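Please read the structure below before turning to the comments.
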Amino acid sequence: EVQLVESGGGLVQAGGSLRLSCAVSGFTFDDYVIGWFRQAPGKEREGVSCISRSDDSTYYADSVKGRFTISNDNAKNTAYLHVNSLKPEDTAVYYCVLDFPPRARCPEIATMRDGIWGQGTQVTVSS
């Protein structure tokens, strides 16, 4: 069974940082893409970033470009989202998603919604 487990969320003051982790287990393909989405209360789920496991190519939404960094540790089958310079409007549940069927590079991020999702981790930014 494929599982994605997020961790690393929490309460942080504006301007602070967190490192979110997404551990993938039970997936036998070597080349795949991990994406991060977030959903704030009353808002639609928003695609934030994605990374290709095969060549580390990345995508960032304009709202987080320059503040968030996505990375892979292939040996640990774990993807990370480093969230820096946090703002109150970054408050949301952050979800990772495994692109399925697997593609080698980041697709149009909205198309990842049909992938395999983790349970989410809450990020709360206080002003």
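For clarity, every value in this text was computed on a predicted model and none was experimentally measured.
A donor-acceptor pair under 3.5 Å is formed between the side chain of R67 and the backbone N or O of S85. Between the side chain of R53 and the main chain of N74, a donor-acceptor pair closer than 3.5 Å is present. Side-chain atoms of S52 come within 3.5 Å of backbone atoms of A104 as a donor-acceptor pair (strictly under, hydrogens ignored). Judged by distance alone, the side chain of T111 and the main-chain N or O of I109 form no donor-acceptor pair under 3.5 Å.
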N84 and S17: CA distance, side-chain angles, deciding distance, side-chain hydrogen bond (donor to acceptor under 3.5 Å, both in side chains) verdict: CA-CA 4 Å; N84 305 305; S17 299; 3.0 Å; yes
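Between L98 and Y32, some side-chain heavy-atom pair lies under the 4.5 Å cut-off. At least one side-chain heavy atom of S21 sits less than 4.5 Å from a side-chain heavy atom of Y80. When side chains are defined from C-beta on, E6 counts as touching Q119, because their heavy atoms get closer than 4.5 Å. Proximity of C50 to I34: side-chain heavy atoms (C-beta onward) are nowhere separated by under 4.5 Å. Annotation: side chain of V97 is not in contact with side chain of I116 (no heavy-atom distance under 4.5 Å). Within the 4.5 Å cutoff, side-chain heavy atoms of F100 are placed close to those of F27. In this structure the side chain of L86 reaches within 4.5 angstrom of the side chain of F68, judged on heavy atoms. Side chains of V24 and Q3 form no contact here, defined as non-hydrogen atoms less than 4.5 Å apart.
Residues F37 and Y94 do not share a hydrophobic cluster, clusters being chains of Ile/Leu/Val/Met/Phe/Trp/Tyr side chains in contact below 4.5 Å. One hydrophobic cluster holds both Y60 and I51 under the rule that ILVMFWY side chains link at heavy-atom gaps under 4.5 Å. W117 and I70 fall into different hydrophobic clusters, defined by Ile, Leu, Val, Met, Phe, Trp and Tyr side-chain heavy atoms under 4.5 Å apart, directly or through other members. Under the 4.5 Å side-chain heavy-atom criterion for grouping Ile, Leu, Val, Met, Phe, Trp and Tyr, V48 is connected to V12 within one hydrophobic cluster.
Between G8 and L18, the shortest heavy-atom contact is O-CD2, 3.8 Å. In terms of heavy atoms, V33 sits closest to P107 at CG1-CD, 4.2 Å. Nearest approach of L4 to C22, heavy atoms of both residues: CD2-SG, 3.8 Å. Across every non-hydrogen atom of G120 and V93, the tightest pair is CA-CG1, 3.9 Å. Summarising the geometry of S127 relative to A14, their closest heavy-atom pair is CA-CB, 4.4 Å, with the distance given to 0.1 Å.
For S63 and E89, the side-chain atoms include no donor-acceptor pair closer than 3.5 Å. A donor atom on one side chain and an acceptor atom on the other are found under 3.5 Å apart for Q122 and T124.
Of the residues D55, D31, T58, the one that meets the side chain to side chain donor-acceptor pair (under 3.5 Å) test with R105 is D55.
Taken from CH2 in W36 to OG in S49, the straight-line distance is 10.0 Å, to the nearest 0.5 Å. Taking CG from L81 and CZ from R38, the interatomic distance works out to 9.5 Å, rounded to the nearest 0.5 Å.
The pair K87-D90 does not count as a salt bridge, with every side-chain nitrogen at least 4.0 angstrom from each carboxylate oxygen.
Under the 6.0 Å distance and 45° angle rule, R45 counts as a cation-pi partner of Y95.
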